[in-house]
S.K.: 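Take this structure, written in structure tokens, and hold onto it; I'll ask about it next.
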Amino acid sequence: MPVIENVDSEKTLLLAKKAMNTFILRIIHYVILIGTYVRQWLIHIPMLSFSKPDNLTLQADARQLKKLPLHLGMIILENDISYSDLANVILWSAAMGISFISIYDTNGIVKRNDVRLSEEIKKQKSFNSDTDYSKSDIQLHSNLEKNTNKSTSQVDVYLLCLKDGRQSIVNMTKYICSHVKQKQIKSMDISPQSVDCLFQEETGYPDPDMVLKFGQVDSLLGFMPWHVRLTEILSLPTHIGVDYKTFRSVMISFGDTEQRFGK
Amino acid sequence: MSWFPEKRIQDSWIHKICSGILKSGPVPRHIAIIMDGNRRYAKKNSMERAEGHLQGFNKLAETLEWCLNLGIVEVTVYAFSIENFKRSKDEVDCLMELARQKFARLLEEKDMIQKHEVCVRVLGNISLLPIDIQRTVAEVVNMSKNNTKATLNVCFSYTSRDEICQSIKEIAEGVERGEILESDISEELIEKCLYTNQSCDPDLLIRTSGEVRLSDFLLWQSAFSVLSFIEVLWPDFSIWHLYAAVLHYQRNHDAVTKAKEENNETREIIQKEIDRDCVIKLSQQQSCDLCSLSNHDNNTIFCDHKCQNENIHAYSLARQKRVDNFVNNLKCRRDSFLQNLLVPQKT
């Protein structure tokens, strides 16, 4: 029967078209993938001339920046974590004068390996004992509780995971509700300003000025939703083997950004 | 210009091919757009600021059509931030006038909205707006509320922190009135109190003009969205930028989906722990004296265990009922706020 044949051939045509489209899309994605790898590789070539920056270079570079983040967030979107590279970035940031650092990964791998990270920091410090890297007092925190006795030269490093993200807003809501119930806070007074003050009082965790994503995924993956309101989001393809030159280049691009605050 | 441009250039063959190819992979269901760069566009092309904003609006109408053709059924746009009230009076007035016109235009184009079955929602702190705009907004929302084919969320007089605080406030009042318990507070409950409670989280967030921050837009909802920061100024945004953004989404799709699933699992685990703790607390309060009297042999302990599981199940059902009830009441209050705006004032 010709009618049915017609329908059949239309169906096959449609299927063929679909398969073709899937095939083309796959090729496009492969091409993009190869493109990103080539670009990454090209960027990594100058790394051969790798040299460790001394404290003076770091401070001089920091002075040249138009602005420096007070709080630098790092989101690790990779499965393998290199603690020595993280330690390096922490020490560079500390020497530049950044006083708060957050390190986030969804599963909290860094958080669980805080001992290892602090050992790496110690090790890197001793490698560089001829410079004054070692002077900065780096404190690791595995939760958002407020630390009371903070000295001026101290650098606070927060290790965070998925449970510190949206959940921190849930906890704040619980805190506010219990105070409203006890008539210590009026529900009328709940505003972005007052809640932000409470966040500051309760955790002492300032909003990150800049977040550096390491890895190929372009998403915050649950990083501190309340606090990323005005955070500049920058990325690097990987944290493994990250050298000072690359780090400095992202700090420069942060320094060049301008914020208008809605105006 | 209209919200529904008469099909200017009938979908050209090249666009058809491209969208066919893109659709064979995962396409975002919901995208969020920060339409940044209207003023810089006006400056660059030496035109009035107002003209820049108008061009930006026209681009929005065009983009919505592209999205529909691609199968993106929900679009959320950042039209006006609460922070924008800080701009010069002239500019705020001009933006309000534009909004007035465009919302009115939407009402005129009722037929098209109903034909395309677009549901328009306005998210934000509406009460900060001039009263006549509030009324128009209420009319637009009311007119299209039963449409389900596509959704356009216009964030107007919106900031994300304000939205979160409104939710916290509602929850705090709910706890105060005794509608819900402090232990009922969870990610899920907060989500249900946000203005976006009827939408799924955006899969893709696009910001134009090369800025790389969220600027108080959907902070909670975009926690697991793919971010696409595009260099182009909003009025110059083209269908190719949209295609590129969708490709970018596809490249990140697997990683983001996995993270979302992990988050949902964590969420469930936390909720189960809370339910268990609540049941234990309750049973400790109620039957403390009974417990101490009875002899604990293996059988009763087994029974206890079984009873406890049943209790937890019963408790979690009761909690869900409480929360649903509370959320329903909140929805009714929000709906009646809009309904009241519809009633013509007798003064």
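Here is how names work: the chains are called A, B, and so on, in the same order as the sequence lines, proteins then strands, and each is numbered from 1.
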S.K.: Could you check R161(B) against D207(A) for salt bridge (charged side-chain N to carboxylate O under 4.0 Å, His left out), going step by step and ending with a plain yes or no?
M.R.: CA-CA 13 Å; R161(B) 280 194 177 179; D207(A) 292 355; 3.0 Å; yes
S.K.: Out of curiosity, L162(A) CG to F224(B) CZ, how far, rounded to the nearest 0.5 Å?
M.R.: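 One finds 4.5 Å between CG of L162(A) and CZ of F224(B).
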S.K.: So do N252(B) and S219(A) actually touch side chain to side chain, heavy atoms under 4.5 Å?
M.R.: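 With C-beta onward as the side chain, the pair stays apart.
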S.K.: Heavy-atom pairs under 4.5 Å with chain B are the metric here; pick the option from E258(A), H29(A), R26(A) that has the most.
M.R.: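 So the answer, after comparing E258(A), H29(A), R26(A), is H29(A).
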S.K.: Do you know which of G165(A), S191(A), G222(A) has the most heavy-atom pairs with chain B at a distance under 4.5 angstrom?
M.R.: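 Of the options given, most contacts go to G222(A).
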S.K.: Is a side-chain donor or acceptor of R229(A) paired with a backbone partner of L219(B) at a separation under 3.5 angstrom?
M.R.: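 No, R229(A) side chain to L219(B) backbone: no donor-acceptor pair under 3.5 Å.
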S.K.: Looking only at heavy atoms, which two atoms of I24(A) and I21(B) are closest? And how far apart?
M.R.: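 Reported closest heavy-atom pair: CG2-CD1, 3.6 Å.
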S.K.: Contact part of V180(A) toward chain B, heavy-atom cut-off under 4.5 Å: side chain, backbone, both or neither?
M.R.: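 Interface part for V180(A): both.
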S.K.: Below 4.5 Å from any heavy atom of chain B, which atoms of H227(A) appear? Answer side chain, backbone, both or neither.
M.R.: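 Backbone of H227(A) only, per the 4.5 Å heavy-atom cut-off to chain B.
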S.K.: Can you tell me if CG on D80(A) sees more than 12 non-hydrogen neighbours from other groups inside 6.0 Å?
M.R.: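 Counting other residues, nucleotides and ligands, CG of D80(A) stays at 12 neighbours or fewer.
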S.K.: Given a strict heavy-atom distance threshold of 4.5 Å, which part of F229(B) is in contact with chain A: side chain, backbone, both, or neither?
M.R.: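 Only the side chain of F229(B) comes within 4.5 Å of chain A.
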S.K.: Measuring heavy-atom distances to chain A, does T266(B) have an atom under 4.5 Å in its side chain, in its backbone, in both, or in neither?
M.R.: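 Contact with chain A: side chain only.
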S.K.: What's the separation between atom CD1 in I185(B) and atom CD1 in I169(A), rounded to the nearest 0.5 Å?
M.R.: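 If I round to the nearest 0.5 Å, the distance is 13.0 Å.
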S.K.: With a 4.5 angstrom heavy-atom cut-off, could you sort out which part of L33(A) is near chain B: side chain, backbone, both or neither?
M.R.: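 Its backbone and side chain both get close to chain B.
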S.K.: Need one label for L220(A): side chain, backbone, both or neither, based on atoms under 4.5 Å from any heavy atom in chain B.
M.R.: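 Contact with chain B involves both backbone and side-chain atoms of L220(A).
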S.K.: Does atom NZ of K17(A) have more than 12 heavy-atom neighbours from other groups under 6.0 Å away?
M.R.: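 No, not enclosed.
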S.K.: Residues two or more places apart in sequence or in another chain: which of them pass salt bridge (Lys or Arg N to Asp or Glu O under 4.0 Å) with R207(B)?
M.R.: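 For R207(B), the residues satisfying salt bridge (Lys or Arg N to Asp or Glu O under 4.0 Å) (neighbours in sequence not counted) are D36(B).
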S.K.: As a test of understanding, state which of V256(B), V226(B), L227(B) forms a side chain to side chain contact (heavy atoms under 4.5 Å, CB included) with V217(A).
M.R.: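 Considering V256(B), V226(B), L227(B), a side chain to side chain contact (heavy atoms under 4.5 Å, CB included) with V217(A) is found only for V256(B).
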S.K.: Determine, for R166(A) against D201(B), whether the closest basic-nitrogen to carboxylate-oxygen distance falls under 4.0 angstrom.
M.R.: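 Answer for the salt bridge query: yes.
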S.K.: Taking side chain as everything from C-beta outward and backbone as N, CA, C, O, which of these in K163(A) sits under 4.5 Å from a heavy atom of chain B? Side chain, backbone, both or neither.
M.R.: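 Side chain of K163(A) only, per the 4.5 Å heavy-atom cut-off to chain B.
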S.K.: Determine which residues belonging to residues 241-251 of chain B lie within contact range of chain A, meaning some heavy atom pair is under 4.5 Å apart, and list them by number or answer 'none'.
M.R.: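 Contacts with chain A: L247(B), H248(B), Q250(B), R251(B).
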S.K.: Find the one option among K23(B), E163(B), Q166(B), E211(B) whose heavy-atom pairs under 4.5 Å with chain A are most numerous.
M.R.: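 Winner by heavy-atom pair count: E211(B).
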S.K.: Are any side-chain N or O atoms of S187(A) and backbone N or O atoms of K169(B), one a donor and one an acceptor, separated by less than 3.5 Å?
M.R.: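 Not confirmed, S187(A) side chain does not pair with K169(B) backbone.
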S.K.: Counting heavy-atom pairs under 4.5 Å with chain B, which one of K181(A), E232(A), K183(A) comes out on top?
M.R.: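 Answer, by heavy-atom pair count under 4.5 Å with chain B: E232(A).
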S.K.: Where on S168(A) is there a heavy atom nearer than 4.5 Å to chain B: the side chain, the backbone, both, or neither?
M.R.: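 Nothing of S168(A), per the 4.5 Å heavy-atom cut-off to chain B.
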S.K.: Name the member of I176(A), I32(A), N171(A), V211(A) that forms the most heavy-atom pairs with chain B at distances under 4.5 Å.
M.R.: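 Sorted descending by pairs with chain B, the first entry is I32(A).
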S.K.: Are the side chains of L22(B) and L25(A) in contact, using a 4.5 Å heavy-atom criterion?
M.R.: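 Yes, at least one pair of side-chain atoms sits under 4.5 Å.
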S.K.: Evaluate whether atom CD of E188(B) has more than 12 neighbouring non-hydrogen atoms of other residues, nucleotides or ligands under 6.0 angstrom away.
M.R.: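 No, CD of E188(B) has 12 or fewer neighbouring heavy atoms, counting only those of other groups under 6.0 Å.
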S.K.: V170(A) versus I270(B): any side-chain heavy-atom pair under 4.5 Å?
M.R.: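 They are not in side-chain contact.
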S.K.: Under 4.5 Å heavy-atom distance to chain B, tell me which part of L234(A) shows up: side chain, backbone, both or neither.
M.R.: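 Side chain of L234(A) only, per the 4.5 Å heavy-atom cut-off to chain B.
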S.K.: Kindly check if the number of other-residue, nucleotide or ligand heavy atoms within 6.0 Å of CZ (R29(B)) is above 12?
M.R.: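 Counting other residues, nucleotides and ligands, CZ of R29(B) stays at 12 neighbours or fewer.
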S.K.: Relative to chain B, which of D196(A), D189(A), I190(A) shows the most heavy atom pairs under 4.5 Å?
M.R.: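 Option with the greatest count: I190(A).
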S.K.: Mind listing the closest non-hydrogen atom pair of A172(B) and C177(A) along with its distance?
M.R.: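 It is CA-SG, 3.5 Å.
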S.K.: Between atom CG of L221(A) and atom NZ of K258(B), what is the distance when rounded to the nearest 0.5 Å?
M.R.: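 So the CG of L221(A) and the NZ of K258(B) are separated by 9.5 Å.
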